[in-house]
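Chain letters run A, B, ... following the sequence lines, proteins first, then strands; residues in each count from 1.
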Amino acid sequence: MDVLLQQLINALSLGGIYAMLALGLAIVFSIVRLINFAHGEIMTFGGYGIFLSMAFGLPPLAALTVGIGAALVMALSMERVAFRAMRGADVVSLLITSFAVSEILKVLFQNGISARPVPISFPSSWSGAYQIGGMTIGVAPTVSILVTLISLATLTLVLRRTATGMAMRAAAEDFEMLRMLGVKADRVVAVSFAISGLLAGVAAVIWTAQRGSVDPLMGFFPVLKAFIATVLGGLGSLGGAVQGGFVVGALEVLTQAFLPDSLAPYRDAIVLSAVIAVLLVRPDGLSPTKTGARS
Amino acid sequence: METALDIKALEVRYGPVRAVRGIDLGVSKAGITALLGANGAGKTSTVMAVAGVVPPLSGTVSIFGQDMTGAAPDAIVRAGVAISPEGRRIFASLTVEENLILAGSATGSIETATERRAALMERFPILGERRRQLAGLLSGGEQQMLAVARALMNEPRLLLMDEPSLGLAPQMVDTIFGILEELKSEGISILLVEQNAALALEVSDHAVVLANGAVAASGHPSDLAGDDVLKSAYLAA
Ligand SMILES: Nc1ncnc2c1ncn2[C@@H]1O[C@H](COP(=O)(O)OP(=O)(O)O)[C@@H](O)[C@H]1O
Ligand SMILES: [Mg+2]
């Protein structure tokens, strides 16, 4: 029971990170048709933001806030510098551009900071645990889950209830029509990148808080998983991306916990096979985007 | 006389496809110009070039005397243009009311937008009744009304209507054309693209027939009604 609960918490906390990253990818994709391969570097930049502000003596919570801000700034700069000029280009050109951005940033991180992981030391209380009904639960995973849920709930409210959210939903459905109503494209695109940057920043905070270091590939690997999550959820579907993130996180934790050691090297292959199996049954993903209503 | 819309030598291409090949076209103030022609003649491309979402290769587009060639769609909206596009393109996952709110967000204040929304829901009672429903659940005719109402949210002086009657029941077609004439009497200038040529010629005061991206005929509707050019233009497809 104890083990099961702990694995559940691990699955939720890892799945939450994937969900936030996948949601950021999906929001940008739904509006700009960009599959942003450089999304991982937004997260990594957030991680270095935390590292540098701690190195300059900021208290941990302030440093985490700076990290989120850094990811936000990186996402907006990326849009402005690399992608705005490419707007309207086909999916493949955009994808290749984002590959280039991703590579350039990784090289900058390696040469500008360090190719090796740099440590971040958070207060020791953060790695503590507490007891509920005889079960031991880690503080960091619990806070991670809470932060993830609050982020997702806030975003849902923004999308459902605010004028900006309404424009985002409309843009995802038919951006050209939205522009013909007089809504400025630049603003909507910038907001979508801002949201994806904030989510990547929160992911960076949770990731570094649990692992205590940052390296140039910090964001790269989780974003690969998030890509799988977006495909699993149905490319461009926001709800699907979140579902996909939690499913991929759960699969990863389950295979890690219950697979015999001899099969450990095949963990990712097993997770991917499970994803492919789902896609065989539901080719458009768990919750495909609706594209009807146009006659 | 200053015209609502004045298109000169407009060219639109999609890669190698020459969709519009140097056409001239005008809409007079408070007038209706019918833009006719077979499928693929270049009508929608012309409309989208005016709306600013398809860049013209050459030629000019003047709106109320102002050169708006190649301007961004939001600038064109602010110049007084609104569109009810082909296929209606209402936001299916938004409610009827949200569709209207979004449309009013580009011009004017929140208060005037709220007033206009209320006025439009009175004008189109069915939209008032369904305002909390998802727009995707409306019938085709209701969606067309929403598309027109949405266009009116920005209080346009020039309305672009692309195939408003397509796929609608005859009674609904009558309703839509009734609205069109009302708008004209309110002083709104209209560029009307229609498959139903007879109906379009009835309400318009000027007509242009396109064939393969070029003007095949233009003139007063009564002169074109029995014209062979019109018939052959439709058969050309
Ligand atoms: N987005 C596009 N890409 C390529 N070709 C297009 C596109 N839109 C329209 N066309 C082509 O341009 C021509 C004119 O189309 P269109 O303007 O839609 O005509 P109409 O509205 O009169 O039916 C057609 O040959 C059509 O196939
Ligand atoms: Mg057309």
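From B:L100, atom CG reaches atom CG of A:L181 across 10.0 Å, with rounding to the nearest 0.5 Å. To the nearest 0.5 Å, the span separating CD1 on B:I83 from CE on A:M177 amounts to 6.5 Å. The CZ atom of B:R89 sits 11.0 Å away from the CG atom of A:L178 when rounded to the nearest 0.5 Å. In this structure, A:E173 CD and B:I90 CD1 are separated by 7.0 Å, a value rounded to the nearest 0.5 Å.
Both the backbone and the side chain of B:A103 come within contact range of chain A, with heavy atoms under 4.5 Å apart. Heavy atoms of B:M48 lying under 4.5 Å from chain A belong exclusively to its side chain.
Under a cut-off of 6.0 angstrom, the local environment of CD in B:Q171 is sparse, with at most 12 non-hydrogen atoms contributed by other residues, nucleotides or ligands. The 12-atom threshold is exceeded at CZ of A:R87, counting heavy atoms of other residues, nucleotides or ligands nearer than 6.0 Å.
Interface with chain B: from residues 153-172 of chain A, residues A:R160, A:M166, A:A167, A:R169, A:A170 qualify, criterion being any non-hydrogen pair under 4.5 Å.
Chosen from A:A185, A:G88, A:G182, the residue pairing most often with chain B at heavy-atom distances under 4.5 Å is A:G182.
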Step by step, would you call B:D74 with A:R179 a side-chain contact (heavy atoms from CB on, under 4.5 Å)?
CA-CA 7 Å; B:D74 60 277; A:R179 292 170 60 219; over 6 Å; no
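B:V77 has its side chain out of reach of A:M180: every pair of non-hydrogen atoms, C-beta onward, lies at least 4.5 Å apart.
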